[in-house]
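Numbers for residues simply follow the sequence, beginning at 1. Note that this is a predicted model, so its numbers are computed, not measured. Only this structure's heavy atoms are used, side chains among them; waters, hydrogens and symmetry mates stay out.
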Amino acid sequence: MLEIILCIITVLSAILALIQKDLLKAAILTGFSGGALAVLFQILLAPDVALTQAIVGAAIVPVFIALAVKKTQRSDD
């Protein structure tokens, strides 16, 4: 039952990240999706994959997206 809930959370947060207008919110939702997927891998007894997903999917990728958004923000003059 918990696996199904985590799958729904992962898919729902990924879809919400895709349709988000604000790119920083999309980065946060991407990290949320990666974190839920890491917990799902841990429940499914794949601790090495869960650790990699937690580091890359929940931490590094959202930070890189947020930094890229901050560096490329345009001002309307």
Side-chain angles (χ1 to χ4, degrees):
M1 182 66 186
L2 184 59
E3 295 90 357
I4 295 171
I5 293 171
L6 283 170
C7 286
I8 291 170
I9 290 172
T10 302
V11 170
L12 187 63
S13 62
I15 291 171
L16 287 174
L18 285 173
I19 63 173
Q20 197 61 240
K21 296 281 186 198
D22 185 13
L23 294 177
L24 289 176
K25 288 180 185 176
I28 292 169
L29 286 167
T30 302
F32 193 69
S33 176
L37 196 57
V39 173
L40 181 64
F41 283 140
Q42 184 63 37
I43 290 172
L44 294 175
L45 300 176
D48 51 343
V49 181
L51 183 62
T52 304
Q53 179 64 31
I55 293 169
V56 175
I60 293 176
V61 171
V63 169
F64 282 171
I65 292 172
L67 286 174
V69 168
K70 281 293 189 186
K71 292 245 182 215
T72 59
Q73 290 237 336
R74 307 281 193 260
S75 61
D76 294 330
D77 291 332

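- No chain of hydrophobic side-chain contacts below 4.5 Å, direct or via other Ile, Leu, Val, Met, Phe, Trp or Tyr residues, connects Val56 to Leu37.
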List the atom pairs, with distances to 0.1 Å, where a side-chain N or O of residues 7-16 and a protein N or O form a donor-acceptor pair under 3.5 Å, not counting sequence neighbours.
from: Thr10; atom 1: OG1; to: Leu6; atom 2: O; distance (Å): 2.8
from: Ser13; atom 1: OG; to: Ile9; atom 2: O; distance (Å): 2.9
from: Ser13; atom 1: OG; to: Thr10; atom 2: O; distance (Å): 3.1

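- Two different hydrophobic clusters hold Leu2 and Ile4 under the rule that ILVMFWY side chains link at heavy-atom gaps under 4.5 Å.
- Residues Thr52 and Val49 form no side-chain contact, since every pair of their non-hydrogen atoms from C-beta on lies 4.5 Å or further apart.
- The side-chain contact (heavy atoms from CB on, under 4.5 Å) test applied to Ala59 returns no partner, not counting sequence neighbours.
- Taking a 6.0 Å sphere around CG of Leu18, one finds it holds more than 12 heavy atoms contributed by other residues, nucleotides or ligands.
- No path of Ile, Leu, Val, Met, Phe, Trp and Tyr side chains, each step under 4.5 Å between heavy atoms, connects Leu40 with Ile5, placing them in separate hydrophobic clusters.
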Please tabulate, for side-chain N and O atoms in residues 62-69, each donor-acceptor pair with protein atoms closer than 3.5 Å (sequence neighbours left out).
none

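- One distance of note links CG of Leu51 with CD1 of Ile55; it measures 4.0 Å at 0.5 Å rounding.
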